[in-house]
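Just the heavy atoms: all of them, side chains too, but no hydrogens, waters or symmetry mates, feed the values below. In the text below, chain A, chain B and the rest are named by the order of the sequence lines, each starting its count at 1.
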Amino acid sequence: MERLKAVEEKWQRRWREARIFEADPEPGRPKFMVTFPFPYVNSLPHLGGAFTILRVDLAARFKRMQGYNVLFPQGWHATGGPIVASALRLRQGDKKIVRILLEQGVPREELDRFKDPEYWVRYFTREWRRDLERYGLSIDWRREFHTTYLNPSFSRFVEWQYLKLREKGLVGKGSHPVVWCPREQKVVGDHDRPDEYAGISPVEAYIIKFRSRDGLVFPALTFRPETVFGVTNLWVHPEATYVIAEVDGEEWVLGEYGAREIADQGHRVVIKGRIKGSELIGKMVENPANRMSVIVLPASFVDPELGTGVVMSVPAHAPFDYVALMDLKRRPEELARYGVDPGIVERLEPVKLISVPGVEGLLVEEEVRKRGISSQEQREELEAATREVYSKEFYEGVMLEVTGRFAGMPVKTAKELVVEWLAEKGDALKIYTLPRPVYCRCGARTHVKIVRDQWFILYSRRDWKEKARKALAGMHLYPESVRKDFERNIEELRDWAFTHKGELGTRLPWDPEWVIESLSDSTIYMAYYTIAKYTEHSEDYGFKPENLTPEVFDYVFLGEGDPEEVSRRSGVPREVLEAMRREFEYWYPLDLRISGKDLIPNHLTFMIFHHVAIFPEEKWPRGIGVNGWILVMGEKMSKSKGNFITLRQALEWWGADATRWAEVMAGADAGLDDANFEPSVADSAVELLLGWIDFVKSNWGRRARDEERWIDKWFESRLNSTIKRVTQLMEETNFKSALVEGYYKLQEDWRWYLKRAGGEPRSDILKRFIEVQTLLIAPFAPHTAEEAWEAMGKEGFANTASWPEPDESKIDEAVERAEQVVIDTLEDAREIRKFVKEPKKLIVTVAAEWKYRALEAVARERASGKPLREAARAVFSVDGVDKKDAASLFQAIMKNPEVLARFAPRSLEFAALKDAASLYAKELDVEVIVEPEEEGVSPRKAQALPGKPALYYE
RNA sequence: GCGGGGGUGCCCGAGCCUGGCCAAAGGGGUCGGGCUUAGGACCCGAUGGCGUAGGCCUGCGUGGGUUCAAAUCCCACCCCCCGCACCA
């Protein structure tokens with residue numbers, strides 16, 4: 001292990017010294033630009049990110065060996081909330097953050113500095129770079145940068161992009177619901193909440209106003225306005241305190257929470273007083289849908305801190321209501337306590353207003369019975385029943401007579417119309433609320449607020465989508481099967497709220513109280529890599545970040561304006577302007593972006609949109625590759641499961657090459673499947689890599705055998721066809737398959753070759769094998785490959801050597817098939833041997849010449865698409881064969897149709913088997929005779945088929 | 001709910017698009033053998049069941065179907081994972 005690490009350090013140093021990964025424009029030389037989405041730098045890299053970026057490196061190294069001028073740059077993302085949130089939590093003394101930082105290897109005395117978000121950015125960009133370098137990535141580090149106002153040059157670039165979008169009319173203003181913390185006065189994203197509240201977002205709901213005779217409004221919150229026709233009563237919590245508030249000029253009674261929420265959604269709310277729930281019980285209110293008078297009753301399931309705290313009761317269609325009503329009926333004494341005549345409740349019966357095919361009575365009743373629910377305290381069961389009833393009735397239900405004008409409509413349609421109708425009369429309104437309580441990290445209860453004046457990117461514009469589709473159509477996708485996902489994403493992408501407050505990022509140039517949100521500042525930054533060499537080191541080039549005016553970018557990226565003029569006005573030297581323009585022109589478009597599958601619906605789709613908005617068609621991205629996530633030992637990485645591995649740990653345990661190797665073997669093909677990293681694979685990779693270096697050292701230049709043997713042809717064919725297959729797989733970014741073919745299968749072939757050649761390879765083949773094998777693994781285990789390359793006494797680096805070219809003239813499918821017959825026949829011979837006691841001799845009979853002719857005829861028929869039975873009839877029309885022989889061959893083909901794909905020309909099979917006779921003798925410990933059927937002595941010779949010689953032990 | 005990915009032998013994992021070379025590659029594990037003072041590493045063999053001649057039976061989530069032939073194609077169902085936005 002230490003030996004491997006020393007090798008890695010040595011070659012990383014030499015690469016650095018030789019600057020082989022620093023790429024500059026070379027007019028006339030084909031280029032290849034490949035990128036990895038910059039990671040968010042709030043923690044150290046782990047195996048997950050390492051996995052995807054490794055695929056980028058593999059593509060880069062492969063293309064470099066193919067002779068391309070390859071640019072692989074890397075930047076860092078700091079935009080957004082998590083870093084700010086963590087720094088804040090640290091300031092508040094949050095133990096968890098302290099623990100996380102210590103786990104990441106932050107020295108205790110340095111902890112205080114992380115109270116400043118800026119320090120997080122500086123610290124983790126440095127640590128990421130350190131890890132990635134040790135990982136052996138072929139990055140041009142001169143183009144490194146990070147985002148946010150902490151990097152004014154990049155901020156200038158982002159501003160330019162948004163000014164452009166605004167010029168083109170692609171941004172606009174609107175309102176948007178967010179989860180809001182009233183104490184901290186800010187939006188509460190997932191990272192601002194304790195974990196158990198992650199992922200809960202605002203949902204649409206409706207308030208239906210039930211009015212009492214004295215004009216008090218009871219705002220019942222519901223997700224199913226269409227059931228208003230079946231309301232038997234309202235529910236309030238008897239113990240809760242409600243507020244009386246003036247809402248948009250009416251007097252409402254509702255929970256305090258609901259009052260806050262409504263106030264934040266554009267309604268004027270003035271709290272006038274408070275009232276206990278119990279005091280509301282017994283009041284009569286009017287159902288706005290049918291003018292019926294209904295009573296307010298107590299229910300313990302009502303949460304006054306959810307929605308409005310007032311619930312309309314539809315026992316026929318809502319399990320909670322049904323069960324609460326039953327509860328009440330059983331306890332008349334409870335009602336008496338509130339001065340309600342139990343007789344009234346006794347008379348309340350569910351009103352059925354929706355019918356579902358296949359359900360006679362009440363679906364609710366069925367569900368409640370099925371789940372054995374008897375009390376409203378069984379929340380969990382009731383919630384499950386509710387989900388079931390809601391979805392069944394929503395998708396299959398039809399409105400009944402009692403719903404008047406809505407009768408006969410599917411529930412799906414009626415829902416909208418009922419709301420519309422009630423809203424017009426002023427009896428209903430739409431609001432947003434949270435389906436479950438959500439607390440902010442600060443401990444405050446959050447609610448939904450509608451943010452006004454929010455800025456949107458107008459992705460819904462048809463003309464924009466059209467261009468995005470066009471760009472997609474011109475792109476290579478790896479794998480191609482994700483194309484339909486992208487098409488759908490482009491189609492369904494809605495306008496995107498792209499600004500925030502109080503987070504890291506770049507300010508919106510024309511409305512600086514807003515900061516551009518993280519996904520939105522990361523859309524075309526790949527273009528920035530092409531010039532980052534200059535802009536990130538502006539002092540070396542005689543300008544300052546503030547010189548990067550929109551005009552400068554217009555010139556560099558769009559070729560607009562006269563360089564002399566732009567230089568004079570901006571203060572950026574003319575030669576620098578022109579150099580940046582040349583870089584961009586040379587490197588762009590982006591050839592390949594490789595990412596995890598999670599970025600398909602957002603970042604990658606945004607990238608397409610923004611490129612087509614800003615750049616001319618010839619600069620639109622050319623390719624996207626995606627891969628799944630990495631699992632460790634079959635499970636998602638997580639600290640609690642104990643299978644969380646940081647890149648740093650992996651490098652410590654296995655070094656770079658073995659870690660890379662194991663990650664590739666985990667499943668680094670293109671696609672959406674997740675890969676499974678097994679530490680044991682990394683363990684054995686260490687040995688395997690050292691083994692290859694040793695093999696090269698002891699075999700390079702070794703003089704073995706010079707004369708030609710049959711098996712040499714086979715191995716040369718295999719070697720060259722392997723190169724061909726691996727090259728194809730590398731092109732498709734199917735790296736695991738490439739490694740399996742290019743290493744494991746090739747090694748297997750080599751072992752067979754040695755066995756067949758009696759341990760003596762032909763000298764020139766040995767040499768070529770060592771070269772090819774080293775080059776084929778060079779992208780995967782670059783350090784190991786260099787070490788081997790050096791051991792061969794080669795000049796330069798393996799990693800800049802030419803990718804091996806297959807010698808087509810040496811690829812001979814027939815030879816490969818013939819040798820396969822040798823391999824399969826040995827298997828068969830072993831199998832049969834088990835059943836023969838003390839055999840002395842094995843007779844291998846190669847089928848008669850006419851059988852080959854017959855099979856060729858059948859194979860031709862099959863190739864033209866005939867079904868097997870018909871094709872096999874071709875045996876009857878072969879010259880000079882009698883009917884009986886033909887018939888038995890026909891039978892044999894029908895029984896073993898696989899021989900059709902297996903047989904080789906007879907002379908080759910014969911030669912191969914003859915050559916293998918000595919091996920067979922050794923392996924089976926018998927004397928071996930290979931004979932042609934025509935002159936055969938074997939009693940079983942008639943069984944011989946092309947591709948399947950007859951075997952007989954005696 | 002909508003959309004996507006998946007369910008293969010003790011474990012991991014190829015194959016599935018383009019049906020037969022599939023009892024199903026390759027690892028790992030286990031068992032046996034070689035090497036070795038021993039262990040490790042390495043090499044060879046075995047690893048669904050039955051079978052004294054290459055065969056038969058069972059088998060790739062479940063149940064059907066198409067076909068001379070299905071892990072592969074079609075239909076239905078069950079289960080797991082992921083995305084559905086303001087979040088990197």
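- Nucleotides B/G15 and B/G4 have their C1' atoms positioned 22 Å apart, rounded to a whole Å.
- The separation between A/His77 atom NE2 and B/A88 atom P is 8 Å, rounded to whole Å.
- Projected onto RNA chain B by closest heavy-atom contact, A/Val188 and A/Asp669 fall at different nucleotides, the more 5' of which corresponds to A/Asp669.
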Every protein N/O lying under 3.5 Å from an N/O of nucleotides 52-60 of chain B:
from  : atom 1 : to       : atom 2 : distance (Å)
B/U52 : O2'    : A/Phe835 : O      : 2.8
B/A53 : N6     : A/Tyr953 : N      : 3.4
B/A53 : N6     : A/Tyr953 : O      : 2.4
B/A53 : N1     : A/Tyr953 : N      : 2.7
B/G54 : O6     : A/Gln943 : OE1    : 2.7
B/G54 : O6     : A/Leu951 : N      : 3.2
B/G54 : N1     : A/Pro949 : O      : 3.4
B/G54 : N2     : A/Asp828 : OD2    : 3.2
B/G54 : N2     : A/Pro949 : O      : 3.3

- Query: Reading RNA chain B 5' to 3', how would its secondary structure be written in dot-bracket notation, given Watson-Crick and G-U pairs with both distances under 3.5 Å, brackets [ ] for crossing pairs and | for partners on other strands?
  - Reply: ((((((((.[[[..)....(.....]]]((((((.......))))))(((....)))...[[[[[..)....]]]]])))))))....
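- Closest approach to the A/Pro82 side chain among B/C12, B/C87, B/G4 is made by B/C87 (side chain taken as heavy atoms from C-beta onward).
- Checked by atom type and distance alone, the side chain of A/Tyr478 never pairs as donor or acceptor with a backbone atom of A/Asp669 at under 3.5 Å.
- Counting any heavy atom pair closer than 4.0 Å across all strands shown, A/His603 reaches no nucleic acid atom.
- Taking the P atom of each, B/A24 and B/C78 are spaced 34 Å apart, rounded to whole Å.
- A distance of about 16 Å separates the P atoms of B/G63 and B/C79, rounded to the whole Å.
- In this structure, A/Lys636 does not pair ionically with A/Asp674, as no charged nitrogen and carboxylate oxygen lie closer than 4.0 Å.
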- Under 4.0 Å protein heavy-atom contact, by nucleotide of nucleotides 19-28 of chain B - B base, S sugar-phosphate only: -BB----S--
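- Rounded to an integer number of Å, the gap from CG of A/Leu493 to P of B/C2 is 22 Å.
- Taking atom C1' on both nucleotides, B/A23 is separated from B/G54 by 15 Å, rounded to a whole Å.
- Residue A/Asp495 is classed as a base contact, given a heavy-atom separation below 4.0 Å to a base.
- With hydrogens and angles disregarded, no donor-acceptor distance shorter than 3.5 Å links the side chain of A/Asp673 to the backbone of A/Gly628.
- Comparing the P positions of B/C82 and B/G29 gives an interatomic distance of 31 Å, to the nearest angstrom.
- In this structure, A/Ile600 reaches neither bases nor backbone, as no heavy-atom distance under 4.0 Å exists between it and the strands shown.
- Side-chain nitrogen and oxygen atoms of A/Ser518 include at least one within less than 4.0 Å of the OP1 or OP2 phosphate oxygen of B/A88.
- At distances below 3.5 Å, at least one donor-acceptor pair connects side-chain atoms of A/Asp495 with backbone N or O atoms of A/Ser460.
- Two residues are said to be in side-chain contact when any heavy atoms from C-beta on lie closer than 4.5 Å; A/Ile645 and A/His46 fail this criterion.
- Not a single donor-acceptor pair under 3.5 Å links the side chain of A/Arg940 to the backbone N or O of A/Tyr952.
- B/C44 atom P lies 13 Å from atom CG of A/Leu826, rounded to whole Å.
- The cationic atom of A/Arg494 (NZ for Lys, CZ for Arg) does not lie both less than 6.0 Å from the six-membered ring centre of A/Tyr459 and within 45° of the ring axis.
- Between the P atom of B/G3 and the NZ atom of A/Lys597 lies a distance of 18 Å, rounded to the nearest Å.
- Counting non-hydrogen atoms under 4.0 angstrom, A/Ser737 reaches nothing in the nucleic acid.
- Which of B/G4, B/C12, B/C87 sits closest to the side chain of A/Trp496 comes down to B/C87.
- Within the 4.0 angstrom heavy-atom criterion, no nucleotide atom of any strand lies near A/Gly671.
- To the nearest angstrom, P of B/G83 lies 9 Å from CG of A/Asp598.
- Rounded to a whole Å, the CD atom of A/Glu492 is 12 Å from the C1' atom of B/G4.
- Without hydrogens or angle criteria, A/Tyr852 side chain to A/Leu945 main chain gives no donor-acceptor distance under 3.5 Å.
- Nucleic acid contact for A/Glu741: none, since no nucleic acid atom lies under 4.0 Å from a heavy atom of the residue.
- Aromatic ring pairs are classed by plane angle as parallel below 30°, tilted from 30° to 60° and perpendicular above 60°; the pair A/Phe695 and A/Trp692 is parallel.
- No hydrogens or angles were tested; on distance alone, a donor-acceptor pair under 3.5 Å links the side chain of A/Asn602 to the base of B/A88.
- Checking B/G6, B/C82, B/A88 against the side-chain heavy atoms of A/Trp629 singles out B/C82 as nearest.
- Base contact: A/Arg494 has a heavy atom under 4.0 Å from a base atom.
- Checking B/C82, B/G13, B/G83 against every side-chain atom of A/Asn676, the shortest atom distance belongs to B/G13.
- A gap of 12 Å separates the P atoms of B/G55 and B/C21, to the nearest Å.
- Rounded to whole Å, the separation between the P atoms of B/G64 and B/G59 comes to 11 Å.
- Here B/C81 presents its C1' atom at 17 Å from CG of A/Asn627, a figure rounded to the nearest Å.
- Between A/Phe36 and A/Trp76, the ring centre distance reaches or exceeds 6.0 Å.
- Partner of A/Phe606 under the ring pair (Phe, Tyr, Trp, His ring centres under 6.0 Å) criterion, out of A/Phe486, A/Trp496, A/Tyr525: A/Trp496 alone.
- Put simply, CG on A/Leu900 is 13 Å from C1' on B/A69, counting in whole angstrom units.
- Nucleotides B/C43 and B/G48 place their P atoms 22 Å apart, quoted to the nearest Å.
- Inter-residue side-chain proximity for A/Glu870 and A/Glu861 is flagged as unmet; no heavy-atom pair is nearer than 4.5 Å.
- Using a 30° and 60° split on the angle between ring planes, A/Phe498 and A/Tyr162 fall in the parallel class, below 30°.
- For B/G45, one of the phosphate oxygens OP1 or OP2 lies less than 4.0 angstrom from a side-chain nitrogen or oxygen of A/Lys755.
- Here the side chain of A/Glu517 pairs a donor or acceptor atom with the backbone of A/Leu519 at under 3.5 angstrom.
- Along RNA chain B, the nucleotide nearest A/Val178 and the nucleotide nearest A/Asp674 are compared for position; the residue whose nucleotide lies closer to the 5' end is A/Asp674.
- Using a 4.5 Å heavy-atom cutoff, the side chains of A/Arg817 and A/Glu909 are not in contact.
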